[in-house]
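Just so you know, these numbers use all the heavy atoms, side chains as well, and skip hydrogens, waters and symmetry mates. Keep in mind the model is a prediction, meaning the values are calculated, not measured. Positions are given from 1, in the same order as the sequence printed here.
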Amino acid sequence: MSAPDTILHRGLFTTLDRSNPTASAVAIKDGVFTAVGHDNDAIKLAGPSTRIIDLKGRRVLPGLIDNHLHIIRGGLNFNMELRWDGVRSLADAMAMLKRQVAITPPPQWVRVVGGFTEHQFAEKRLPTIDELNAAAPDTPVFILHLYDRAILNAAALRAVGYTKDTPEPLGGEITRDTRGNPTGLLLAKPNANILYATLAKGPKLPFDYQVNSTRHFMRELNRLGVTGAIDAGGGFQNYPEDYAVVQKLSGEGQLTVRLAYNLFTQKPKGEKQDFLKWTQSSKYKQGTDYFRHNGAGEMLVFSAADFEDFRVARPDMPPEMEGDLEEVVRVLVQNKWPWRLHATYNETISRALDVFEKVNQDMPLDGLHWFFDHAETISDQSIDRIVALGGGIAVQHRMAYQGEYFVERYGYGAAEATPPVKKILDKGVKVSAGTDATRVASYNPWVSLAWLVTGMTVGGLRLYSPRNCLDRETALRMWTENVTWFSNEEGRNGRIEVGQLADLIVPDRDYFSCSAAEIADTTSDLTVVGGRIVYGAGVFKAHDTNAPPPAMPGWSPVRSFGGHGKWVGSADEAKAVRAHAMQICGCANTCGVHGHDHARAWSGRLPVSDIKSFWGALGCACWAV
């Protein structure tokens with residue numbers, strides 16, 4: 001047996017392999033784990049060229065796999081987007097926007113395209129149109145909030161050409177003043193087509209910049225511990241044109257996130273033709289371990305799309321839904337393609353199950369890994385029907401961003417098991433977790449893990465009782481081995497186990513012993529995909545040789561702010577920002593734990609103002625400053 005390429009030792013490995021749940025070392029050869037066990041046994045395998053990494057007692061987890069991420073579309077646009085994901089005050093968000101406006105050249109826009117909610121801000125509100133106009137009198141600004149609304153400043157309205165004479169869009173609303181002029185607020189009523197269509201009017205990056213942008217987005221995901229994802233397609237993401245960038249990166253060996261992709265129809269009333277064409281030109285599972293075809297969806301037919309805006313009443317799907325859906329499902333079953341179907345409400349799920357059961361009578365679904373996405377209000381009966389048909393449910397943390405709106409409309413009682421994750425697990429359904437990023441929620445997997453464990457929104461609202469929350473290991477399995485059924489790679493990935501793909505992460509804190517309040521702030525200090533180090537920070541930074549070239553174009557928000565939580569990609573820059581904050585804090589006395597760095601305590605999730613639970617135990621005096 002030849003020597004391994006890499007050995008990682010002196011670690012605290014959570015393998016998720018029930019026959020070998022813990023280890024201190026692993027060996028990797030040709031992208032797979034060849035040994036998972038003890039330090040001495042692994043070190044003996046080393047050869048002259050084996051790279052040996054000392055983990056210094058750190059916790060190690062399998063790489064995280066997002067079951068629903070719009071990574072292809074997100075990558076094409078990442079370098080153009082100012083991300084408010086994780087920003088905790090509107091004042092900070094607007095300061096970022098003003099700074100970006102100052103360097104964005106015409107005719108480019110400043111875009112904040114989802115991934116945040118007003119409830120995460122201390123002010124609990126969105127910016128006003130007047131505030132946007134004051135911050136950017138000449139530069140178009142487009143802000144997408146979830147999939148319920150978009151806010152445009154006057155310059156953006158001019159850029160997209162919306163005037164008094166613009167007709168009302170189908171399924172959406174352009175709000176107007178008393179004279180009939182657009183105000184700058186676009187509402188999704190009842191669907192998001194107006195938001196999609198308006199954003200699509202903005203400038204696009206040239207191909208080479210899109211390649212660079214996609215690399216930066218994958219780098220950001222690697223920073224957060226994501227090693228794999230299932231791409232769910234998306235509006236205005238056309239196949240095969242918009243897949244050329246990831247195809248190029250795959251061919252050049254530059255993908256740092258494993259990607260399984262589903263095909264999403266773009267043509268209302270032409271959905272069957274799309275899938276007839278694609279099933280002839282594309283083969284299910286074609287590709288590699290890094291880039292492969294995964295079936296159809298999440299949009300199968302437009303008549304079955306119940307958009308998830310909890311600020312408005314639940315939409316009823318039209319009477320033609322069943323007929324449209326049956327035509328497409330029969331094409332997919334005949335060609336042995338699995339599918340995923342976007343479904344927010346049980347009313348939609350129940351009607352779709354009527355179709356699936358009908359098709360199953362003469363075209364059995366056996367062995368097809370089909371599933372529903374989201375399923376926030378799914379009923380016990382629908383769960384049982386899914387079990388009987390051998391399907392699955394892919395949940396995402398959309399309620400972490402929209403929970404307050406759901407409670408406002410339906411009440412706390414309805415919200416406490418929306419979706420009923422624990423019940424789905426208990427009934428034996430195939431179930432996994434993801435984000436539905438980058439628009440309706442953030443791509444940060446740790447926010448999802450925190451939501452599964454704590455039952456809380458990013459705004460701090462406790463949605464779920466303990467009976468609908470998961471223990472940390474179960475939540476981790478939802479993000480690792482459970483996802484592999486949905487990507488059709490069971491036994492190939494998702495655990496740290498001999499013979500599986502060598503994907504792992506070393507988080508910056510111990511996921512199993514840190515406080516629940518700290519989970520959402522986790523990042524990765526070491527991310528390995530196929531035995532290759534794709535991200536390193538802290539004590540592992542020297543091992544990171546994978547950084548992409550600087551973000552293109554030069555005015556890209558990624559250069560100034562990075563991604564989630566205003567990360568700027570450099571420890572030195574972060575220290576400089578913190579040092580400046582400490583210099584201007586103006587406090588009369590220091591804290592015994594933080595010195596004058598009170599901002600670190602105030603911006604964290606620890607209860608520094610709670611005398612009994614924090615100050616009394618650890619001696620932090622930030623609460624008193």
Side-chain angles (χ1 to χ4, degrees), residues 66 68-85 96-97 100-101 103-105 107-116 139-147 150-152 156 159-160 186 192-193 195-224 226 229 231-249 255-257 259 261 264 266 435-444 548-564 567:
D66 194 326
H68 187 130
L69 177 61
H70 297 278
I71 184 173
I72 294 174
R73 183 181 66 194
L76 298 179
N77 297 288
F78 185 67
N79 281 3
M80 291 192 294
E81 295 176 357
L82 178 66
R83 302 301 304 183
W84 282 355
D85 309 46
M96 293 168 66
L97 187 141
Q100 185 59 41
V101 165
I103 63 171
T104 301
Q108 298 295 335
W109 299 8
V110 174
R111 321 165 196 230
V112 181
V113 187
F116 77 100
T139 302
V141 173
F142 177 99
I143 296 177
L144 177 68
H145 181 253
L146 307 173
Y147 263 154
I151 309 173
L152 285 69
V160 298
L186 310 180
N193 289 340
L195 311 183
Y196 283 139
T198 305
L199 181 58
K201 293 175 182 288
K204 294 179 174 58
L205 293 173
F207 185 83
D208 288 348
Y209 286 30
Q210 289 179 334
V211 171
N212 177 276
S213 178
T214 299
R215 289 193 65 189
H216 275 275
F217 187 35
M218 290 190 298
R219 172 87 169 168
E220 167 72 350
L221 294 169
N222 295 153
R223 182 182 74 89
L224 294 168
V226 176
D231 185 89
F236 292 85
Q237 180 177 312
N238 291 289
Y239 179 83
E241 297 84 358
D242 290 327
Y243 292 68
V245 166
V246 288
Q247 187 71 64
K248 173 182 170 65
L249 291 171
L255 288 181
T256 63
V257 175
L259 179 58
Y261 62 92
F264 180 122
Q266 302 291 324
T435 63
D436 197 8
T438 58
R439 295 179 179 176
V440 301
S442 174
Y443 50 75
N444 188 340
M552 300 162 59
W555 52 265
S556 169
V558 173
R559 290 200 179 198
S560 300
F561 305 107
H564 191 280
W567 175 69

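In this structure a side-chain-to-backbone donor-acceptor pair under 3.5 Å is missing from His70 to Asp436. Between the side chain of His564 and the backbone N or O of Leu221 there is no donor-acceptor pair closer than 3.5 Å. For the pair Gln108 (side chain) and Lys204 (backbone), a donor-acceptor distance under 3.5 Å is absent. A donor-acceptor pair under 3.5 Å links the side-chain atoms of Asn212 to the main chain of Pro550, judged by distance alone.
Considering every non-hydrogen atom in both Gly115 and Ser442, the closest pair reads O-CB, 3.6 Å. Nearest heavy atoms, Thr214 versus Leu76: OG1-N, 3.8 Å. Nearest heavy-atom pair, Ile103 versus Trp555, reported as atom, atom and distance to 0.1 Å: O-CB, 3.3 Å. Pairing each heavy atom of Ala159 with each of Pro140, the nearest pair is CB-CG, 4.1 Å. For Gly202 against Trp109, the heavy-atom pair with the smallest separation is CA-CZ2, 3.4 Å. Closest of all the heavy-atom pairs between Gln266 and Gly235 is OE1-C, 3.8 Å.
Counting only heavy atoms from C-beta outward, the side chains of Leu144 and Leu195 approach each other to under 4.5 Å. Counting heavy atoms from C-beta outward, Leu97 and Ile143 have side chains that approach closer than 4.5 Å. Inter-residue side-chain proximity for Asp242 and Arg73 is flagged as unmet; no heavy-atom pair is nearer than 4.5 Å. In this structure the side chain of Val112 never reaches within 4.5 angstrom of the side chain of Met96, judged on heavy atoms. With a 4.5 Å cut-off on side-chain heavy atoms, Ser213 and Met80 do not count as touching. Side-chain atoms of Pro553 and Leu205, non-hydrogen and from C-beta on, do get closer than 4.5 Å to each other. Side-chain atoms of Tyr209 and Asn79, non-hydrogen and from C-beta on, never get closer than 4.5 Å to each other. Looking at heavy atoms from C-beta onward, Asp231 lies in side-chain contact with Gln237 at the 4.5 angstrom threshold.
Ring centroid separation for the pair Tyr239 and Phe264 does not come in under the 6.0 Å cut-off.
Here CE of Met218 is found 7.5 Å from CG of Asn222. Values are rounded to the nearest 0.5 Å. Summarising the geometry, atom CH2 belonging to Trp84 is positioned 10.0 Å from atom NE2 belonging to His145; distances are rounded to the nearest 0.5 Å. Taken to the nearest 0.5 Å, the CD1 atom of Ile71 stands 14.0 Å off from the OH atom of Tyr261. Expressed to the nearest 0.5 Å, how far CZ of Arg111 lies from CG of Leu152 amounts to 11.0 Å. Rounded to the nearest 0.5 Å, atoms CD (Gln100) and CZ (Arg559) are 11.5 Å apart. To the nearest 0.5 Å, atom OH of residue Tyr243 and atom CG of residue Leu259 are 9.0 Å apart.
Taking the salt bridge (charged side-chain N to carboxylate O under 4.0 Å, His left out) definition, one finds that Arg83 meets it with Glu81, Asp85, sequence neighbours left out. Under the rule for a salt bridge (charged side-chain N to carboxylate O under 4.0 Å, His left out), Asp66 has no partner lying at least two apart in sequence or in another chain.
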Inset, instruction - Determine, stepwise, if the pair Thr438 / Phe217 fulfils side-chain contact (heavy atoms from CB on, under 4.5 Å). - result: CA-CA 11 Å; Thr438 58; Phe217 187 35; 3.5 Å; yes
Inset, instruction - Carefully, step by step, assess Leu186 and Thr198 under the rule side-chain contact (heavy atoms from CB on, under 4.5 Å). - result: CA-CA 9 Å; Leu186 310 180; Thr198 305; 3.4 Å; yes
